[in-house]
Number of protein chains: 2
Amino acid sequence: MTSYKDKKVISIGIVSELTGLSLRKIRYYEERGLLSPGRTERGGRKYSFADVDTLMTIAERREEGVQTAEIKQELIKERKKKESVRNEMIKGQLNAHFNIRK
Amino acid sequence: MTSYKDKKVISIGIVSELTGLSLRKIRYYEERGLLSPGRTERGGRKYSFADVDTLMTIAERREEGVQTAEIKQELIKERKKKESVRNEMIKGQLNAHFNIRK
DNA sequence: CGTGTAAGGAATTCTGACACG
DNA sequence: CGTGTAAGGAATTCTGACACG
């Protein structure tokens with residue numbers, strides 16, 4: 001659930017190398033609400049691998065000329081979809097569990 | 001194979017928070033050859049989650065009074081074991097593959 | 001042997017702002 | 001709207017060394 005992929009531990013410089021995006025862009029996408037990195041005690045941004053993936057997606061969409069507001073909506077939908085897939089899986093497991101003992 | 005767990009992306013400060021070890025200790029265990037972090041262009045150390053796990057193991061063993069030289073040997077053995085487990089798995093899959101088509 | 005610490009320097013990151021468009 | 005950049009400051013990290021034991 002909270003695996004390595006979701007731990008916020010990567011500094012913005014490394015994220016920049018990983019994604020090829022400038023620091024400015026990375027901070028800007030946060031400002032527009034497309035992602036929310038964690039923070040160290042003194043304000044340093046900390047990203048997860050999931051955040052890095054999100055940034056790669058953002059980069060692709062931006063290259064296609066899509067505006068950040070639009071991308072933001074897409075990301076929200078994407079997250080809701082994953083959410084419901086998770087819920088379906090749990091539902092399925094519950095059913096399997098009860099069917100077996102019936 | 002090279003999953004999130006093995007990507008060297010975490011700076012030493014974060015590793016210190018994650019493990020509870022001082023910067024001095026983390027650097028010293030490297031000096032003794034117990035782990036090898038990556039480096040950024042200008043010399044900054046970069047650790048993986050696997051390195052963090054290794055450091056936790058080191059911390060435990062040190063608390064038990066084990067010396068770094070000893071711990072180093074244990075870590076090497078540990079890695080060889082994992083290596084051979086990987087090889088066995090591949091062997092098993094090859095066998096399964098050929099048995100099916102026979 | 002293992003770890004702390006002070007030292008000086010270099011590189012990182014932060015924020016708010018101005019620029020262009 | 002999205003991104004670059006110069007600005008000043010604060011926090012991070014690096015190495016080599018001395019200390020204690």
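Just so we're on the same page: letters track the sequence lines, and every chain starts at 1. All values below were derived from every heavy atom in this structure, side-chain atoms included, with hydrogens, water molecules and symmetry-related copies excluded.
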- Message: Would you say B:Ser11 places a side-chain N or O within less than 4.0 Å of OP1 or OP2 belonging to D:dT13?
- Response: yes
- Task: With sequence neighbours excluded, tell me which residues meet salt bridge (charged side-chain N to carboxylate O under 4.0 Å, His left out) with A:Glu41.
- Result: none
- Please tell me which of B:Tyr47 and A:Leu23 maps to the more 5' nucleotide of DNA chain D, matching each residue to the nucleotide holding its nearest heavy atom. A:Leu23
- Taking B:Thr54 for its side chain and B:Ala50 for its backbone only, find out whether a donor-acceptor pair lies under 3.5 Å. yes
- Note on the structure: Between CD of B:Glu30 and C1' of D:dC14 the distance, given in whole Å, is 11 Å
- Picking from C:dT15, D:dG2, D:dC14, the nucleotide nearest the side-chain atoms of A:Arg45 would be C:dT15
- Item | Spacing of A:Ile26 atom CD1 relative to C:dT12 atom C1', expressed in whole Å | 13 Å
- C:dT12 P sits how many Å from B:Ile10 CD1, rounded? 18 Å
- Message: Using OP1 and OP2 only, check whether a side-chain N or O of B:Arg61 sits under 4.0 Å from C:dG2.
- Response: no
- Message: Heavy atoms from C-beta onward define the side chain here; which of D:dG2, C:dG2, C:dT13 lies closest to that of A:Thr68?
- Response: D:dG2
- Query: Is a salt bridge present between A:Glu70 and A:Arg61, judged by a nitrogen-to-oxygen distance below 4.0 Å?
  - Reply: no
- Item | Proximity to the side chain of A:Tyr29 - top-ranked nucleotide from C:dT13, D:dC14, D:dT3 | D:dT3
- Task: Please evaluate the base of C:dT12 for a donor-acceptor partner in the side chain of B:Arg42 within a cut-off of under 3.5 Å?
- Result: no
- Sugar-phosphate only, base, or nothing, as touched by A:Arg62 at under 4.0 Å among non-hydrogen atoms: sugar-phosphate
- Query: Between C:dG2 atom C1' and B:Glu63 atom CD, what is the distance in whole Å?
  - Reply: 14 Å
- Query: Is B:Thr40 touching bases, backbone alone, or none of the nucleic acid, heavy atoms closer than 4.0 Å?
  - Reply: nothing
- Message: Strictly below 4.0 Å, N to O, side chains only: are B:Glu31 and B:Lys72 in salt-bridge contact?
- Response: no
- Given C:dC14, D:dG2, C:dG4, the nucleotide with the shortest approach to the side chain of B:Lys25: C:dG4
- Query: So what does the secondary structure string of DNA chain D come out as, 5' to 3', with Watson-Crick or wobble pairs under 3.5 angstrom, [ ] for crossing and | for pairs with another strand?
  - Reply: .||||.||.|.|.||.||||.
- Using a heavy-atom cut-off of under 4.0 Å over every strand shown, decide if A:Ser22 touches base, sugar-phosphate, or nothing. sugar-phosphate
- Would you say A:Lys46 has more than 12 foreign heavy atoms packed within less than 6.0 Å of its NZ? yes
- Considering heavy-atom distances to DNA chain C, does B:Glu31 or A:Lys46 have its closest nucleotide positioned more toward the 5' end? B:Glu31
- Message: Closer than 4.0 angstrom, basic N to acidic O: yes or no for B:Lys80 and B:Glu83?
- Response: no
- Task: Calculate the interatomic distance between A:Arg27 atom CZ and C:dA17 atom P; express it in whole Å.
- Result: 15 Å
- Please report, rounded to the nearest Å, how far the P atom of C:dG2 is from the CD atom of B:Glu70. 11 Å
- A:Tyr28 side chain N/O closer than 4.0 Å to the phosphate oxygens (OP1, OP2) of D:dG2? yes
- Provide, to the nearest angstrom, the distance between the CZ atom belonging to B:Arg32 and the P atom belonging to C:dT3. 11 Å
- Using 4.0 Å as the upper bound for N to carboxylate O, is an ion pair formed by B:Glu74 and B:Lys77? no
- Record whether the side chain of A:Arg24 comes under 3.5 Å of the base of D:dT5 through a donor-acceptor pair of N or O atoms. yes
- Please state how far atom CD1 in A:Ile14 lies from atom C1' in C:dT13, giving the value in whole angstrom units. 13 Å
- Query: Is it true that a side-chain atom of A:Asp51 and a backbone atom of A:Ser48 form a donor plus acceptor pair closer than 3.5 Å?
  - Reply: yes
